[in-house]
**Q** 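Starting off with a structure, shown below.
Treat the numbers as computed from the prediction; the structure is a model and nothing was measured. Residue numbers count from 1 along this sequence.
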Amino acid sequence: STRRAAASTSHAVTQRRRRPSRKSGPKTTRAPQPDPVPISEEITIDALAAGGDGVGRLADGRVVFARLCAPGDRIRIEALDTGASFVKADSSQVLVPSDDRVEPRCKVFGRCGGCSWQHIEYSVQTAAKRKILNDAIERIGKFSEYVDVEFIPSPEPYGYRGRTRVMVSNAGVGFRKWHGHEIEPIDECPVLAPALNRGLAEFAASHQALESAHADEQEWALSIDSSARVPLSPIPIRRCRRPHTLKSLVPAHRVNNEC
């Protein structure tokens, strides 16, 4: 009787482990998706999004995200309507510029992936960041008792950064391009502190950078020490065997003011 009970228990476990056959039942196929419809429409940019895009609305009420725009811009967008609840503009033409537009200081602004709002007056930038933070806490985070955060603008919108990371390859020394893996060569960056800009120029012209450009793509960290001097030996952060990859082949180093 004990053997029969054990056999029946084993059979029951086997039955429970069986899975239904994938071949059972009729096969379902997805309906073909309609081809995207081109959109060309004039809109007004009302706000700025967290990713840096300008935000407007189509005539049907859907939200549009357009790059390198400023609040108050009247633009014409070119996009593909995929049926989603929002539209990402492939390109845009500024028809009537906003009064909040300014001339960017960076000569590679728009191509470099580092900055998004240099074309917008600084006080408008800080107001947008404050609104984005409040929206994230109240609407997304659902904190109804949230107390408004006090924003303290920087005395200078440029020349404040004391550390940076740059890429080095056969293309030169620079930053990643916007939405790409290629490198945008630079010899200065207006966001960096003057001492760091001088160190960046020296590093780009050094034999060290030129030699590493012939090897694998690398990322280097530069920072200002406590005496406002750039370290003589920048820190190698990572090395890539193949272009467009970020596989770390050397240990990551802490970037601080004492390197």
Side-chain angles (χ1 to χ4, degrees), residues 48-53 65 67-68 88 104-120 122 125-126 128-129 132-133 136 154 156-259:
L48 295 170
D53 290 340
F65 296 97
R67 183 171 174 261
L68 299 180
K88 183 75 173 178
R105 290 192 187 181
C106 180
K107 58 186 178 184
V108 295
F109 175 73
R111 301 197 307 269
C112 176
C115 299
S116 302
W117 287 353
Q118 282 196 21
H119 63 296
I120 302 173
Y122 183 60
Q125 294 185 35
T126 55
K129 293 174 183 177
I132 289 169
L133 177 61
S154 171
E156 292 292 336
Y158 291 96
Y160 60 88
R161 290 203 60 166
R163 63 184 64 181
T164 187
R165 293 185 178 186
V166 294
M167 301 301 301
V168 180
S169 74
N170 54 8
V173 177
F175 300 118
R176 297 281 187 193
K177 290 186 177 181
W178 178 78
H179 275 202
H181 296 285
E182 296 82 8
I183 295 176
E184 181 66 43
I186 61 168
D187 51 16
E188 65 174 354
C189 174
V191 175
L192 304 183
L196 190 57
N197 257 326
R198 292 191 295 270
L200 174 62
E202 293 173 3
F203 173 66
S206 68
H207 294 293
Q208 192 174 31
L210 294 176
E211 289 173 0
S212 61
H214 296 291
D216 299 327
E217 186 177 275
Q218 298 179 3
E219 183 177 14
W220 290 75
L222 293 85
S223 63
I224 302 176
D225 62 17
S226 58
S227 60
R229 294 177 302 179
V230 178
L232 298 179
S233 300
I235 301 175
I237 298 297
R238 62 184 71 178
R239 177 181 297 163
C240 307
R241 287 188 182 274
R242 299 182 302 274
H244 317 330
T245 62
L246 293 178
K247 182 178 180 181
S248 178
L249 301 179
V250 296
H253 295 262
R254 183 181 299 276
V255 182
N256 54 39
N257 290 336
E258 298 176 357
C259 59

**Q** Any side-chain heavy-atom pair from Lys107 and Asp187 closer than 4.5 angstrom?
**A**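 Side-chain contact under 4.5 Å: yes.
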**Q** So how far is it from Arg176 CZ to Cys112 SG, rounded to the nearest 0.5 Å?
**A**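 Atom-to-atom, Arg176:CZ and Cys112:SG are 11.5 Å apart.
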**Q** Under 3.5 Å, side chain of Arg165 to main-chain N/O of Ala221, donor-acceptor pair present?
**A**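 Answer holds: no.
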**Q** Which atoms form the tightest heavy-atom contact between Ala128 and Leu48, and what is the distance?
**A**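 Taking Ala128 first and Leu48 second, the nearest heavy atoms are CB-CD1, 3.7 Å.
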**Q** Are Leu200 and Leu192 close enough that some pair of their side-chain heavy atoms sits under 4.5 Å apart?
**A**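 A side-chain contact exists here, since the closest heavy-atom pair is under 4.5 Å.
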**Q** Of all the heavy-atom pairs spanning Phe109 and Ser116, show the shortest one and how long it is.
**A**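 What the structure gives for the nearest pair is CZ-O, 3.7 Å.
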**Q** Please name the pair of heavy atoms, one in Phe65 and one in Ala49, separated by the smallest distance, quoted to 0.1 Å.
**A**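 Nearest heavy atoms, Phe65 then Ala49: CE2-CB, 3.9 Å.
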**Q** Counting C-beta onward and ignoring hydrogens, is there a side-chain heavy-atom pair between Val191 and Cys115 closer than 4.5 Å?
**A**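 They are in contact (side-chain heavy atoms under 4.5 Å apart), so the answer is yes.
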**Q** Identify the two heavy atoms, one from Glu184 and one from Val108, that lie closest to each other, and give their separation to 0.1 Å.
**A**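 Looking at all heavy atoms of both residues, the shortest contact is OE2-CG1, 3.7 Å.
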**Q** Can you find a pair of side-chain heavy atoms, one from Val166 and one from Phe175, that are under 4.5 Å apart?
**A**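 Yes; the side chains approach each other to less than 4.5 Å.
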**Q** How long is the straight-line distance from CG of Leu68 back to CH2 of Trp178, given to the nearest 0.5 Å?
**A**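 Trp178 CH2 to Leu68 CG: 7.5 Å, rounded to 0.5 Å.
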**Q** Ignoring hydrogens and angles, tell me if any N or O in the side chain of Gln118 forms a donor-acceptor pair with the backbone of Cys106 under 3.5 Å.
**A**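 It does hold such a pair.
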**Q** Has the side chain of Tyr122 got a donor or acceptor atom that lies under 3.5 Å from a matching backbone atom of Ser154?
**A**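 Between the backbone of Ser154 and the side chain of Tyr122 there is a qualifying donor-acceptor contact (under 3.5 Å).
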**Q** How long is the straight-line distance from CE of Met167 back to CD1 of Ile186, given to the nearest 0.5 Å?
**A**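 Between Ile186 CD1 and Met167 CE, I get 12.0 Å after rounding to 0.5 Å.
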**Q** Which heavy atom in Arg67 sits nearest to a heavy atom in Gly110, and how many Å separate them?
**A**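 Result for this residue pair: NH2-O, 2.5 Å.
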**Q** Of all the heavy-atom pairs spanning Ala204 and Val173, show the shortest one and how long it is.
**A**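 Ala204 and Val173 have their closest heavy atoms at CA-CG2, 3.9 Å.
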**Q** Answer yes or no: is there a donor N or O on one side and an acceptor on the other, between the side chain of Gln125 and the main chain of Ile120, under 3.5 Å?
**A**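 Pair found, side chain donor or acceptor close to backbone of Ile120.
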**Q** If you apply the rule side-chain contact (heavy atoms from CB on, under 4.5 Å), what do you find for Asn197 with Cys189, and how did you get there?
**A** CA-CA 7 Å; Asn197 257 326; Cys189 174; 4.2 Å; yes
